[in-house]
Number of protein chains: 2
Amino acid sequence: MTIKEVCKKFDITPDTLRYYERVGVIPEVNRTKGGIRDYSEEDIKWVENAVCMRSAGVPVEMLIEYVKLFQEGDSTITARRDLLMEARVEVQKNLDKYQATMDRLNYKISRYEEAVKTGVLSWDVVNIKKD
Amino acid sequence: MTIKEVCKKFDITPDTLRYYERVGVIPEVNRTKGGIRDYSEEDIKWVENAVCMRSAGVPVEMLIEYVKLFQEGDSTITARRDLLMEARVEVQKNLDKYQATMDRLNYKISRYEEAVKTGVLSWDVVNIKKD
DNA sequence: ATACTCCTTGGAGTTAACTCCAAGTCAAGA
DNA sequence: TCTTGACTTGGAGTTAACTCCAAGGAGTAT
């Protein structure tokens with residue numbers, strides 16, 4: 001699979017994909033004789049994983065560390081597990097924040113819907129209900 | 001309330017809070033005769049809102065726009081609602097991504113837990129189950 | 001009155017994660 | 001063989017959102 005195809009599949013740019021490989025967010029990809037990247041199924045799984053993790057804010061730094069440990073073999077299994085658990089804590093934290101913000105947005109929007117209908121804007125549209 | 005107290009309350013730095021005011025993420029805050037910021041309840045609500053929105057990745061740009069519209073008065077009610085709805089779409093998108101990443105992390109970690117216990121590392125620890 | 005601490009400002013600097021660019025290579029088509 | 005177009009590289013540039021800094025002012029303790 002060419003770089004362009006992989007990029008299309010995951011909606012990222014070739015620059016990003018090359019960057020990921022360069023810094024080690026994904027392992028090195030096989031090349032044709034001409035030196036052009038040819039992504040294997042395995043490579044694509046790594047890209048998929050990287051894109052997913054990055055979309056949830058897992059730092060590039062952490063993904064690099066994971067790949068490094070992976071390439072060191074089975075002796076790093078617990079280290080990898082710990083790294084993933086560390087990542088999970090952060091993702092969960094953010095998930096909670098996003099959910100809290102959704103709640104706030106939903107509340108505000110419902111108040112605005114009301115205001116648009118009735119012409120009356122309640123005091124607390126900016127904020128959240130008084131305690 | 002002093003800037004330090006507000007910062008402690010929301011776990012941010014004075015620099016960030018002054019930055020928010022400077023660029024318009026929150027409206028201007030009242031000062032003492034000496035020129036020192038004295039945050040009112042209202043100000044604090046704005047800060048709370050800004051911190052919440054920012055923690056879910058709502059761009060500073062968008063918060064500035066909201067404050068600007070708010071200060072223009074009731075004629076901007078629908079515009080503000082639309083802005084909030086736009087923000088909500090983005091936050092929801094990210095929420096979904098974070099959830100997907102949590103699922104992936106949970107799966108991977110469970111596989112690693114297994115591997116740590118049994119010493120056997122299944123083929124797909126890196127990725128997600130084959131289709 | 002002097003020192004100390006915390007506040008102020010405008011503006012420069014930092015960071016993470018891309019994103020762009022110039023110069024060069026390679027395979028395929030005319 | 002020559003052109004075309006996609007790919008390659010190392011390195012520089014960009015962006016959003018802070019973060020830091022130097023210089024100065026105000027209020028309080030000694």
Side-chain angles (χ1 to χ4, degrees), chain A residues 1-26 28-40 43 46-47 49-67 86-87 90-91 93-94 97-98 101, chain B residues 1-26 28-40 43 46-47 49-67 86-87 90-91 93-94 97-98 101:
Chain A
M1 215 175 191
T2 67
I3 197 168
K4 182 164 274 187
E5 289 167 333
V6 178
C7 286
K8 193 173 172 192
K9 191 170 164 63
F10 296 109
D11 195 29
I12 54 179
T13 69
D15 271 321
T16 299
L17 207 37
R18 281 189 289 255
Y19 163 72
Y20 281 172
E21 184 176 349
R22 177 148 49 106
V23 301
V25 163
I26 58 172
E28 291 202 356
V29 172
N30 282 338
R31 311 300 182 94
T32 63
K33 291 124 265 173
I36 291 181
R37 288 175 180 79
D38 181 26
Y39 293 80
S40 68
D43 293 329
W46 277 104
V47 174
N49 191 62
V51 168
C52 179
M53 293 297 150
R54 286 295 306 128
S55 80
V58 176
V60 159
E61 187 76 16
M62 201 174 254
L63 302 178
I64 292 170
E65 179 68 10
Y66 183 83
V67 170
E86 199 185 316
E90 293 307 311
V91 174
K93 250 188 235 166
N94 284 321
K97 283 182 192 162
Y98 276 66
T101 303
Chain B
M1 217 175 189
T2 69
I3 196 168
K4 180 163 274 186
E5 289 168 331
V6 177
C7 286
K8 192 172 174 195
K9 190 169 165 65
F10 296 109
D11 194 31
I12 54 178
T13 69
D15 271 322
T16 298
L17 207 36
R18 282 189 288 256
Y19 162 73
Y20 282 173
E21 184 176 346
R22 178 147 49 104
V23 301
V25 162
I26 58 173
E28 290 202 358
V29 172
N30 281 338
R31 310 301 182 92
T32 63
K33 289 124 267 172
I36 291 179
R37 288 174 180 79
D38 181 26
Y39 292 81
S40 68
D43 292 329
W46 277 104
V47 174
N49 191 62
V51 169
C52 179
M53 293 296 149
R54 285 296 306 128
S55 80
V58 176
V60 159
E61 187 76 16
M62 201 173 253
L63 302 178
I64 292 169
E65 179 68 9
Y66 184 83
V67 170
E86 199 185 318
E90 293 307 309
V91 173
K93 252 190 234 166
N94 284 321
K97 284 182 191 161
Y98 276 65
T101 302

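Values reported hereafter were calculated over all heavy atoms of this structure, with side chains retained and with hydrogens, waters and symmetry mates removed. Below, chains carry the letters A, B, ... as their sequence lines are ordered, and counting in each starts from 1.
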Integer-rounded Å distance: [N] [atom2] and [X] [atom1]:
X	N	atom1	atom2	value
D38(A)	dT8(D)	CG	P	10 Å
N30(B)	dT8(C)	CG	P	13 Å
L17(A)	dA17(C)	CG	C1'	14 Å
M1(B)	dC7(C)	CE	P	13 Å
I36(A)	dG5(D)	CD1	C1'	11 Å
I12(A)	dC18(C)	CD1	P	9 Å
E61(B)	dA17(D)	CD	P	8 Å
Y39(A)	dC7(D)	OH	C1'	11 Å

Can you find a heavy atom in the side chain of [X] that is under 4.5 Å from one in the side chain of [Y]?
X	Y	value
E90(A)	K93(A)	yes
V91(A)	V58(A)	yes
I36(A)	T2(A)	no

Does [X] put a side-chain nitrogen or oxygen below 4.0 Å from OP1 or OP2 of [N]?
X	N	answer
R37(B)	dT8(C)	yes
R54(A)	dA17(C)	yes
Y19(B)	dC20(D)	no
T16(A)	dT19(C)	yes

- Message: Please report the interatomic distance OG1(T16(A)) to CZ(R18(A)), rounded to the nearest 0.5 Å.
- Response: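 Atom-to-atom, T16(A):OG1 and R18(A):CZ are 9.5 Å apart.
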| field | Atom pair NZ (K97(A)) and OH (Y98(B)), whose distance is rounded to the nearest 0.5 Å | value |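 The OH atom of Y98(B) is 9.0 Å from NZ of K97(A), to the nearest 0.5 Å.
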What nucleotide among [options] has an atom nearest to a side-chain atom of [X]?
X	options	value
R22(A)	dG11(D), dT8(C), dC7(D)	dG11(D)
P59(A)	dA17(C), dC18(D), dC7(D)	dA17(C)
V60(B)	dT19(D), dA17(D), dT8(C)	dA17(D)

Within the 4.0 Å heavy-atom criterion, would you say [X] contacts the bases, only the backbone, or no part of the nucleic acid?
X	result
R18(B)	base
P14(A)	nothing
R31(B)	sugar-phosphate
K4(B)	sugar-phosphate

Does E5(B) or K33(A) map to a spot on DNA chain C nearer the 5' end, using the closest nucleotide for each?
->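 Taking each residue's closest nucleotide, the earlier one in sequence belongs to E5(B).
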message = Any N or O donor-acceptor pair under 3.5 Å from the base of dC18(D) to the side chain of D15(B)?
response =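 Not at all, since no donor on one side and acceptor on the other fall under 3.5 Å apart.
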Note: for G57(B) and G34(A) on DNA chain D, the residue whose nearest nucleotide lies more 5' is G34(A)
Only one of V29(A), V25(A), I64(A), D15(A) passes side chain to side chain contact (heavy atoms under 4.5 Å, CB included) with Y20(A), and that residue is V25(A)
